[in-house]
Colleague: 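Handing you a structure now.
Chain A is the first sequence line, chain B the second, and so forth, proteins listed ahead of strands; every chain is numbered from 1. Quick note: numbers below take in every heavy atom, side chains included, and nothing from hydrogens, waters or symmetry partners.
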Amino acid sequence: MRIYNTLSRKKEKFIPLEPGKVKIYVCGPTVYNYFHIGNARTFIFFDVVRSYFTYRNYEVTYVQNLTDIDDHLIEQAIKEKTSVPEIAEKYIAAFFADISQLGVKKADHYPKATEYIGEMLDMIEKLAEKGLAYEVNGDVYFSVDSLTSYGRLSGKKLEELRVGARVEENLQKRNPADFTLWKKAKEGEPRWPSPWGEGRPGWHTECVVMSRKLLGETIDIHGGAVDLIFPHHENELAQAEGISAKPFVRYWMHGGFLNIGGEKMSKSLDNFFLARDVVKKFDSEVLRIFFLSKHYRSQIDYNLDLIGESEQALHSLYMLLKDLDYLRIMDKRINYTEEVLESKNEFLAAMDDDFNTARSIAVLFDITRKARQYYNQQNPVYEEYLHMLVELGQVLGLFQNLAIKLKTDWDSYSNDLIALLVKYRDKFKEEKNWEMADQIRNDLRSIGIELQDTKEGTIWKSLK
RNA sequence: GGCGACAUCGCCAAGUGGUAAGGCAAGGGUCUGCAAAACCCUCAUCCCCGGUUCGAAUCCGGGUGUCGCCUCCA
């Protein structure tokens, strides 16, 4: 397997720290709001990463954090006239509900920032002891000048950051690029005691602490979208390197944005659609096809017409499974022949190459065509292809709850069908075609449905 | 201003030196009383200019255009 590593800007051979095991940490949501469909793209992609490693027989430990204390939560609590913990609780529940709707499987751990305050303080103290952090008026900052390697993940040079047009003005900081490790509490804000007075942790500390605690000092993959490279991941790396000589992350993976109208979708630009709303309009698997049809590091434009195309594409996959009656052979044990395994190998090759899902989906469609051809030729190899299609599709998170989806739910039609017959009978009655009207009533009775003409119209009862 | 990414059929999108995957749409056909659905078939030389090479969408240089990061943000 090869994975593009943001740190080296190259695809690198994937070698896990421990053979057969993969430790993945993906930055999760700050729970002050519902997440949008752009966030969902990242969650879905890493769901596939995890799923693929599992398929390749790796033992995966997947951690995603929940940031439940920061400025946004405090603001939102004021806006909603409630407390920070209640905001956190509300949007954590919403987060889980939404990822479930998206068909994203749960991570192994969801550490919350507020549960690791003690560990964060320990780390900040260690950084201070090493001269990498300093306190001013109850705030503690990380001193970027103390670390020569600062900027290597994002490819930034400190001098450039200094002259950059948009560096925040803060006279307390020795260097404007210094970032907050501990923030002094203002009146009425949530607070924890610390050696520097009451306050709360800065954002970048939690991920280092929780990652090290749950996965160890060195993890295999740390993920997120590109906007996290700087400053968030750069700052995480700085702290981790300040604390330990061991490498923090072996492979940094960053996904591209979901754009809208050619522009990045973001909460601050107010041009976003909430995932929970989008998933009401489109099946979660349609969204998967839509996202995975393009490489994860590319930008994707959110466009309803394009999602409609994905809907068509997914539909054709399901039509194949229905037409060729996959349900009938679902439980059949299959020994794949060489030819079918070749398709699998193509799929694996695509995924092994930095998770090229666009290519792996193309393999799915190739399989579809072959299955159909063999079926038309009445060659039983089609059964193998069908099984392979489902097996590989499920690695991408497609074909969830297949048995239910493929089964025709006649119950849901019965009311409508009887209503339809009643309507036709009414039409005949209107035309005084009593023969046809009576025949409908008699035929229905013969299959156990009795029509009764009342003042309110025709009702029906089951005789069974 | 600094740094980076991208530009492939009508649309979306793979392909990183050996002669252009796949999806959607479109056209033709099969089926049908007519349709719909489904199925089969067809459909690109890769933004521009120059260079390297036996050979480039793929490498190098120069344009043009789009986007991102440098600020909280997946």
Colleague: Strictly below 4.0 Å: does A:Lys264 bring a side-chain N or O up to OP1 or OP2 of B:C69?
Modeller: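 Yes, such a contact exists.
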Colleague: At under 4.0 Å between heavy atoms, what does A:His295 touch on the DNA or RNA strands: base, sugar-phosphate, or nothing?
Modeller: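 If one applies the 4.0 Å heavy-atom cut-off, A:His295 turns out to touch the sugar-phosphate alone, with no base involved.
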Colleague: Once side chain to side chain donor-acceptor pair (under 3.5 Å) is applied, do any residues pair with A:Tyr336, and if so which ones, sequence neighbours excluded?
Modeller: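 With sequence neighbours excluded, A:Tyr336 shows a side chain to side chain donor-acceptor pair (under 3.5 Å) to A:Glu391, given in chain and number order.
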Colleague: Got a donor-acceptor pair under 3.5 Å from the side chain of A:Ser293 to the base of B:C12?
Modeller: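 No pair found.
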Colleague: Using a 4.0 Å cut-off on protein heavy atoms (strictly under), produce a 5'-to-3' string for nucleotides 28-33 of chain B with B for base contact, S for backbone-only sugar-phosphate contact, and - for none.
Modeller: ------
Colleague: Once you apply a heavy-atom cut-off of 4.0 Å, does A:Phe257 come out as touching a base, just sugar-phosphate, or nothing?
Modeller: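 Counting heavy atoms under 4.0 Å across all strands, the contact made by A:Phe257 includes a base.
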Colleague: Under 3.5 Å for both donor-acceptor distances, Watson-Crick or wobble: does B:G33 have a partner, and if so which one?
Modeller: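 Across all strands, not a single nucleotide pairs with B:G33.
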Colleague: Where the side chain of A:Lys156 is defined as all heavy atoms beyond and including C-beta, which of B:C72, B:C69, B:A74 is the nearest nucleotide?
Modeller: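 Closest nucleotide among those given: B:C69.
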Colleague: Look at all strands and tell whether A:Asn356 reaches a base, only sugar-phosphate, or nothing, counting heavy atoms closer than 4.0 Å.
Modeller: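 The answer is sugar-phosphate, as A:Asn356 gets under 4.0 Å only of primed atoms, P, OP1 or OP2.
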Colleague: Could you pull out the closest heavy-atom pair between A:Lys184 and A:Glu189, with the gap in Å?
Modeller: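 Nearest pair, atom of A:Lys184 first, then A:Glu189: O-OE1, 4.2 Å.
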Colleague: Which is more 5' along RNA chain B, the nucleotide nearest A:Gly28 or the one nearest A:Asp353? Just name the residue.
Modeller: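 Mapping each residue to its closest nucleotide by heavy atoms, the 5'-most match is A:Asp353.
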Colleague: So what does A:Gly223 hit on the nucleic acid, given a heavy-atom distance under 4.0 Å: a base, only sugar-phosphate, or nothing?
Modeller: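 Contact class for A:Gly223: none.
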Colleague: At under 4.0 Å between heavy atoms, what does A:Leu258 touch on the DNA or RNA strands: base, sugar-phosphate, or nothing?
Modeller: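 Touches a base.
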Colleague: Are A:Lys105 and A:Tyr62 in a cation-pi setup, meaning NZ or CZ lies under 6.0 angstrom from the ring centre and within 45 degrees of the ring axis?
Modeller: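 Geometry flag: not set, cation outside 6.0 Å or 45°.
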Colleague: Do the side chain of A:Arg41 and the main chain of A:Leu287 share a donor and acceptor less than 3.5 angstrom apart?
Modeller: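 The answer is no, because no donor-acceptor pair under 3.5 Å joins these two groups.
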Colleague: Of all the heavy-atom pairs spanning A:Tyr296 and A:Phe355, show the shortest one and how long it is.
Modeller: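 Here A:Tyr296 and A:Phe355 meet closest at CD2-O, 4.1 Å.
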Colleague: Does A:Asp323 reach a base, just sugar-phosphate, or nothing at all? Heavy atoms under 4.0 Å.
Modeller: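 The answer is sugar-phosphate, as A:Asp323 gets under 4.0 Å only of primed atoms, P, OP1 or OP2.
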Colleague: Near RNA chain B, under 4.0 Å by heavy atom, which residues of residues 357-386 of chain A?
Modeller: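 Those residues are A:Ala358, A:Arg359, A:Ala362, A:Phe365, A:Asp366, A:Arg369, A:Arg372, A:Asn376.
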Colleague: Using a 4.0 Å heavy-atom cut-off, does A:Gly38 contact any base of the nucleic acid, only the sugar-phosphate backbone, or nothing at all?
Modeller: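 Base, at least one base heavy atom under 4.0 Å.
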Colleague: Taking the side chain of A:Pro231 as heavy atoms from C-beta outward, which of B:C72, B:A74, B:G68 is closest to it?
Modeller: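 The nucleotide sitting nearest to the side chain is B:C72.
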